[in-house]
Amino acid sequence: MSAAPSITTFRDDVRAAIRDAGAPRHVIVLAIDGVPYALAARAWPRAQVAERRSVFPTTSATAWLSSLTGASVDAHGVPGVVFAVEPGATPIDVYQYQGSLGAPPPTDLFSDAAGAGYAPVAILGDLEDTPGAWRDLLVHRARPVHGHRFFWEPGAGGAPGAIAARVGAAVDAALAAQPGPCLAWCFVDADHHIHRAGYDAPLIEFLAQLDALAAAWAARGALVIAHSDHGLAPTRHDPSIAAAIERAAADHGGALGGAGRTRWLDVAPDREAAARAALRAALPASVAIRHADELFAPGSRARARVGAIVLIARGEAFVAPAGYAYEHGSLTEAELAVPLAVWSPC
Ligand SMILES: [Zn+2]
């Protein structure tokens with residue numbers, strides 16, 4: 001297990017990079033969803049790339065919130081994609097949910113920026129089409145910039161140069177709109193591509209173009225930082241695993257929730273032992289069956305939103321949406337090790 005710091009130290013990393021860069025200058029923070037550390041270290045030769053460790057589960061909503069606020073998953077309470085906001089409630093999808101997820105953490109990357117004299121800006125980018133409570137928690141202290149889609153641009157295809165050019169134009173426009181130094185965080189959902197195509201040549205070309213873009217901004221005096229939330233692991237939908245999980249839920253009256261390669265079952269306490277036994281008999285050894293109390297602090301907001309029986313993929317076979325070849329949410333090295341990259345101003 002790597003001893004690299006957690007992504008919850010990201011605000012400290014940004015503060016240190018700003019201090020090292022000296023005089024007030026624009027700070028560009030590229031949030032590139034789905035990029036693992038090992039790939040970034042190769043694809044961004046002009047940056048200093050350090051390793052950081054994602055949180056559990058390694059799913060976007062959970063990890064970005066931990067990065068930008070510094071809060072643990074137990075504290076911010078977003079334990080995945082599908083979960084019950086209140087015990088016993090119907091599970092919600094965090095990317096669509098418009099109700100309240102509770103009070104936001106008291107400070108975050110954007111309040112740090114404002115406190116240090118930088119205008120806090122969030123280029124929503126590929127979060128443009130994900131309005132709701134989770135996105136509000138993430139960027140509510142920033143000035144939002146709308147209207148720039150990158151991987152989510154409809155009909156634009158996946159041409160790496162075109163996507164990188166859109167990122168460049170969005171950041172340049174956001175900086176030009178600010179009279180003084182700003183911290184502009186920009187969300188780029190490479191994960192959207194990786195789920196189906198993996199870390200293919202176009203994706204690697206896109207990352208190379210980002211390296212060139214970031215180096216050019218640094219040459220003009222900006223501090224450029226890139227971070228990611230998780231990597232993705234090869235994942236194959238296994239109908240027998242899916243059927244076993246659904247059967248356990250149906251037979252024991254449980255609600256299903258989850259986060260990609262981690263799923264959970266919320267059953268009444270008096271049915272838990274029987275549901276566990278049924279899952280143990282039906283699932284292969286490549287699916288770990290854990291108790292939620294081992295993974296989330298008992299009594300925490302996150303633990304209250306997760307079922308007691310937690311299933312974690314260790315191999316490739318699990319449940320996945322149609323067309324997905326890569327998925328995340330579990331605890332493999334490819335998912336946990338993420339980059340912190342800095343292009344220092346020249
Ligand atoms: Zn993600």
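Every number for a ligand or one of its atoms is a count from 1 in the order of the listing. Note that the structure is a prediction, hence the values are computed from the model and not measured.
At a threshold of 2.8 Å, the Zn ion (ligand 1) has no backbone or side-chain N, O or S atom of Asp189 nearer than that distance. The nearest N, O or S atom of His328 is not closer to the Zn ion (ligand 1) than 2.8 Å. Ser60 lies close to the Zn ion (ligand 1), since one of its N, O or S atoms is found at a distance under 2.8 Å.
Shortest distance from the Zn ion (ligand 1) to Asp33 is reached at OD1 (N/O/S atoms only). Distances from the Zn ion (ligand 1) to the N/O/S atoms of Asp229 are shortest for OD2.
Side-chain N or O atoms of Trp44 include one that pairs as donor or acceptor with a backbone N or O of Leu207 at under 3.5 Å.
Classification of the Phe296-Phe56 ring pair by plane angle, with boundaries at 30° and 60°, yields tilted. Between Tyr326 and Tyr199, the ring planes are perpendicular. Angles over 60° get that label, and only those under 30° would be called parallel.
At a threshold of 4.0 Å, the pair Arg141-Asp112 does not count as salt-bridged, since none of the basic side-chain nitrogens sits closer than that to a carboxylate oxygen.
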Quiz item: For His148 and Glu128, what are the C-alpha separation, side-chain angles and deciding distance, and is it a side chain to side chain donor-acceptor pair (under 3.5 Å)?
Solution: CA-CA 8 Å; His148 299 281; Glu128 186 75 36; over 6 Å; no
